[in-house]
Protein chains: 2
Amino acid sequence: MKKLDHVDKQILQILQEDGRIPYTEIAHQLGVSEGTIRARITRLLQDGVFQFIIHPDPEKLGLHVQAIIGLTTRLGSQIKVAEELSKFSAVRFVGSFSGKHDLIIQACFHSNDELITFVNERLSQIEGIVSADVSLELKQYKDSFSFVQDDDVTLQ
Amino acid sequence: MKKLDHVDKQILQILQEDGRIPYTEIAHQLGVSEGTIRARITRLLQDGVFQFIIHPDPEKLGLHVQAIIGLTTRLGSQIKVAEELSKFSAVRFVGSFSGKHDLIIQACFHSNDELITFVNERLSQIEGIVSADVSLELKQYKDSFSFVQDDDVTLQ
DNA sequence: AAGTTTTTTTCGAATTTCGTAAAAAAAGGA
DNA sequence: TCCTTTTTTTACGAAATTCGAAAAAAACTT
């Protein structure tokens, strides 16, 4: 996989704003032909650099309760637990971490009841979970994949 | 905003797989006309139910270091701190939570150095941050917005 | 049930995407 | 540096998709 150049990053930046903007429009904005945009996007997709998706608003879908749950797992069962957790559609993020918790997950629910059910009836059934620290989301300030930057100016 | 019906959810489910699938194709799959798909997607977008975006792979962008940072803020400065944090492009998630940490953020960096710089030189400059618990991501198992379900079967 | 509003379908025109060949540019080798 | 090879970009006609708007159908109201 070749390193991304400036044009690739510009394409990604434009698509971050609107994932359905026509190639002709991107081409116009960047001053190249549609074919170039098409060829590059095809390559980026093949290389797995990005995917076209949609970002639903959980609130608008009735998922009013969101939580981050820090888990401690029994030594040796972490991977299996992570895989089990990943199967739930309510769970949108699962990662293994250094620090206090072995696994940290992020999940969405319709109600507090559903969250409770998840913790008490689903998590408890998964072999290898020692403890679960639930943090309830009170307000979301940012949630985006817009971290493509022109040139490595991540910290501004 | 009207409640989403079955067709709306089916549209979202299809778009979750491929955010750039043609309306004609969705129409074909659901057995309705292209115009219906177009009208519904236009309405869903206007209602803010979802957005067309792209999901870049941080690794492929050279962002090899990801972290979740739990923050404790001084009473009264939480909102300001959250807003400041949201300004960083490296920060992809900022939320206010109940539990051990007032704010939890998720961020991506090119290197450990960049992470250290972020914590020591950027976070420390933000007025109102009392402490920061950094958890380094070792492995990602799931990261998706695919939580649109047919009918409230979030827990399976 | 008649009238009103909303949603869906239809269809021609405009636009976009696609396939592909040729040209141009870039990269590599002697 | 010049030549060859490879990669990328451009060009362009054909196919497919999107768009606008009017007609039809469906859903609500009273």
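Throughout, protein chains are lettered first and strands after them, A, B, ... in sequence-line order, and every chain is numbered starting at 1.
For the atom pair CZ of F97(A) and CD1 of I105(A), the computed distance is 11.5 Å after rounding to the nearest 0.5 Å. Note that CG of L63(A) and SG of C108(A) are 5.5 Å apart. Values are rounded to the nearest 0.5 Å.
Residue contacts for R40(A): at a heavy-atom cut-off of 4.0 Å it reaches the sugar-phosphate backbone alone, with no base atom in range. Among the protein residues, R20(A) comes within range of the sugar-phosphate backbone only, with heavy atoms under 4.0 Å from sugar or phosphate atoms but none that close to a base.
Counting only residues at least two apart or on different chains, the salt bridge (Lys or Arg N to Asp or Glu O under 4.0 Å) pairs with a member in residues 133-148 of chain A are R92(A)-D143(A), D133(A)-K100(B). Residue pairs meeting the side chain to side chain donor-acceptor pair (under 3.5 Å) criterion with at least one partner in residues 39-49 of chain B, sequence neighbours excluded, are D5(B)-R40(B), D8(B)-R40(B), D8(B)-R43(B). Listed by first then second residue, pairs satisfying side chain to side chain donor-acceptor pair (under 3.5 Å) with a partner in residues 17-36 of chain A read E25(A)-Q29(A), S33(A)-T36(A), E34(A)-R38(A), not counting sequence neighbours.
For the pair L4(A) CG and dT8(D) P, the computed distance is 13 Å after rounding to whole Å.
With sequence neighbours left out, the salt bridge (charged side-chain N to carboxylate O under 4.0 Å, His left out) criterion links K60(A) to no other residue. In this structure, the side chain to side chain contact (heavy atoms under 4.5 Å, CB included) partners of L30(B), at least two apart in sequence or on a different chain, are V7(B), Q10(B), I11(B), I14(B), I26(B), V32(B), I37(B). Considering only residues two or more places apart in sequence or on other chains, I126(B) meets the side chain to side chain contact (heavy atoms under 4.5 Å, CB included) condition with V81(B), E84(B), L85(B), F88(B), L123(B), I129(B). The side chain to side chain donor-acceptor pair (under 3.5 Å) search around Q78(B) returns S96(B), not counting sequence neighbours.
The closest side-chain heavy-atom distance from F50(B) to L15(B) is below 4.5 Å.
Against DNA chain C, the stretch residues 23-36 of chain B makes heavy-atom approaches under 4.0 Å through V32(B), S33(B), G35(B), T36(B).
Cluster annotation: V130(B) and L75(B) are assigned to distinct hydrophobic clusters (Ile/Leu/Val/Met/Phe/Trp/Tyr, side-chain heavy-atom contacts under 4.5 Å, transitive).
Positionally, the nearest nucleotide of DNA chain C for K2(B) lies more toward the 5' end than for the other of R38(B) and K2(B).
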Show the atom names and distances, to 0.1 Å, of all donor-acceptor pairs under 3.5 Å that link a side chain in residues 64-74 of chain A to residues at least two apart or in another chain.
from   : atom 1 : to      : atom 2 : distance (Å)
H64(A) : ND1    : E59(A)  : OE1    : 2.7
T72(A) : OG1    : S131(A) : OG     : 3.2
T73(A) : OG1    : D102(A) : OD2    : 3.3
R74(A) : NH1    : E127(A) : OE1    : 3.4
R74(A) : NH2    : E127(A) : OE1    : 3.3

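Counting 5' to 3', DNA chain C first comes under 4.0 angstrom of a heavy atom of chain B and last does so at the ends given by dT6(C) to dT17(C).
In this structure a side-chain-to-backbone donor-acceptor pair under 3.5 Å is missing from S77(B) to K80(B).
In the helix from dA1(C)-dT30(D) to dA30(C)-dT1(D), the rotation axis of the first five pairs and that of the last five pairs differ in direction by 50°, rounded to 10 degrees.
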Under-3.5 Å N/O pairs linking protein and nucleotides 27-30 of chain D:
none

